[in-house]
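Since the structure comes first, as structure tokens, the remarks are kept for the end.
Each ligand, and each atom within it, is numbered from 1 in the order the structure gives. Please read these numbers as outputs of a predicted model, since none were measured by experiment.
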Amino acid sequence: MEYREWAHQILTSGELSDKLFCPEILTDENPGPALLIAEPVRTTDLQFRKHTRKDRLPSLIALGSPDKRAVCLHRFAGHELLAVEIMAHALLAFPEAPKNFRKGLAHTLKEEQEHVRLYIQRLSQMGVRFGDLPLYRHFWSYVHYINTPLKYISMMSMTFEMANLDFAPIYGSAFASHGDLESEKLMKQIFTDEIQHVAFGSKWLKNFKDPSISPWETWLQNIHHRLTPSRAKGPQYYPEHRRLAGVDEEWICQLKDS
Ligand SMILES: [Fe+2]
Ligand SMILES: [Fe+2]
């Protein structure tokens with residue numbers, strides 16, 4: 001199956017099984033013309049709902065309650081599905097991007113599909129079905145802005161995925177502190193993969209950028225104006241996790257102070 005056909009199916013079939021489908025053999029011989037899909041098709045239970053203040057994530061101290069932990073895991077599963085759809089968007093929107101970039105993107109997309117599966121598995125052990133709780137548009141509201149591979153890298157890999165280098169271990173430890181070692185194990189897996197996703201972004205940001213501008217400045221110029229640098233980190237900042245992803249030392253220092 002071609003990347004284009006695969007990505008198209010992910011965005012235009014509402015069925016979760018199609019969004020999580022990955023053929024054994026994927027090729028990229030005919031990326032075709034750029035294609036922009038304004039909104040992913042989703043079955044009724046997976047539709048985006050309006051996010052309000054009361055829909056905030058439960059606080060870390062509330063995670064002694066299995067129901068609150070399930071709310072967090074369900075939300076994270078929603079983020080993973082959005083990542084799958086945004087990566088499918090990038091495969092369709094940037095047919096002329098370098099082949100190796102597209103290959104790395106497709107590889108990351110497969111890992112995001114696996115993340116959705118892992119969260120769904122854990123949720124079902126807790127008696128919750130994916131789609132039973134609300135899902136939000138969140139990252140997808142920026143898709144119209146992601147019109148170059150550099151903006152994709154800046155928004156997705158170097159902002160949302162980078163923030164997970166803090167959030168995944170923070171939530172992992174909170175789950176563990178309440179005795180939920182299964183959920184902690186899952187967060188560890190996500191964290192390990194996320195390091196590679198940020199490493200992919202860091203490498204391609206350097207490849208795409210103007211050589212006279214630093215990676216940090218390039219990133220600032222390519223994130224949406226509504227996002228502040230603080231969106232790329234969690235309530236606790238772990239510089240060493242960014243080092244594991246090969247992020248520049250200048251960047252790590254600048255982000256710390258942002
Ligand atoms: Fe993920
Ligand atoms: Fe990721």
Side-chain angles (χ1 to χ4, degrees), residues 3 6-7 10-11 16 19-22 26 40 42 46 57 69 72-91 93-94 97 100-123 130-131 135-140 142-143 146 149-172 175 182-205 219 223 227 231-234 238 241-247 251 255:
Y3 284 177
W6 180 45
I10 288 171
L11 287 172
L16 189 60
K19 292 182 184 289
L20 301 185
F21 172 73
C22 182
L26 273 167
R42 288 179 167 207
L46 302 179
L57 265 186
R69 291 202 295 277
C72 292
L73 293 168
H74 193 281
R75 188 77 56 91
F76 300 157
H79 292 170
E80 301 289 351
L81 182 58
L82 283 165
V84 166
E85 290 168 331
I86 290 175
M87 288 170 194
H89 156 81
L91 283 176
F94 313 128
N100 276 344
F101 171 77
R102 289 175 58 79
K103 201 171 164 192
L105 186 57
H107 176 77
T108 312
L109 196 167
K110 284 189 225 169
E111 292 195 342
E112 303 301 0
Q113 289 179 317
E114 179 61 14
H115 293 172
V116 179
R117 277 186 221 106
L118 291 172
Y119 277 114
I120 290 179
Q121 227 170 58
R122 180 69 193 122
L123 283 165
F130 186 52
L135 292 165
Y136 305 104
R137 181 174 272 100
H138 198 43
F139 314 137
W140 188 270
Y142 297 100
V143 154
I146 302 178
L150 184 54
K151 281 185 186 163
Y152 166 81
I153 287 295
S154 301
M155 296 289 289
M156 195 63 204
S157 328
M158 301 306 277
T159 305
F160 300 131
E161 293 188 290
M162 187 185 279
N164 217 9
L165 297 183
D166 298 329
F167 282 108
I170 288 171
Y171 276 88
F175 294 149
E182 273 304 307
S183 300
E184 183 207 23
K185 194 171 128 203
L186 165 54
M187 299 316 290
K188 277 192 175 152
Q189 175 68 53
I190 302 290
F191 173 64
T192 305
D193 292 344
E194 208 73 285
I195 293 170
Q196 295 312 315
H197 300 177
V198 175
F200 167 79
S202 183
K203 176 184 128 184
W204 281 99
L205 184 128
W219 177 64
I223 54 172
L227 295 187
R231 286 297 290 273
K233 57 184 182 179
Y238 295 102
H241 297 169
R242 285 147 181 91
R243 283 185 197 110
L244 291 172
V247 175
W251 181 307
L255 185 58

Practice problem: Could you grab the angle centred on the Fe ion (ligand 1), going from ND1 in H115 to OE1 in E80, to 10°? | Solution: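 It comes to 100°.
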
Self-check item: side-chain contact (heavy atoms from CB on, under 4.5 Å) partner of E161, chosen from I195, I153, D193, V198
Solution: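 Exactly one option meets the side-chain contact (heavy atoms from CB on, under 4.5 Å) with E161, and it is V198.
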
Quiz item: Just by distance, with hydrogens left out, do H241 and E194 show a side-chain donor and acceptor under 3.5 Å apart?
Solution: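 Distance-only check fails for H241 and E194.
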
Practice problem: Decide whether H89 and E85 meet the rule of one side-chain donor and one side-chain acceptor closer than 3.5 Å. | Solution: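 Distance-only check fails for H89 and E85.
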
Exercise. Report, rounded to 10°, the angle at the Fe ion (ligand 2) between the two atoms ND1 (H197) and OE1 (E194).
Key: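 It is 90°, given to the nearest 10°.
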
Quiz item: How is the N/O/S atom of E161 that comes nearest to the Fe ion (ligand 2) named?
Solution: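 Looking at E161, the N, O or S atom with the least distance to the Fe ion (ligand 2) is OE2.
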
Quiz item: Do NZ/NE/NH1/NH2 and the carboxylate oxygens of E114 and K110 come within less than 4.0 Å?
Solution: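 No, E114 and K110 are not salt-bridged.
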
Quiz item: Of all N, O or S atoms in E112, which has the smallest distance to the Fe ion (ligand 1)?
Solution: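 Checking each N, O and S atom of E112, the shortest distance to the Fe ion (ligand 1) belongs to OE1.
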
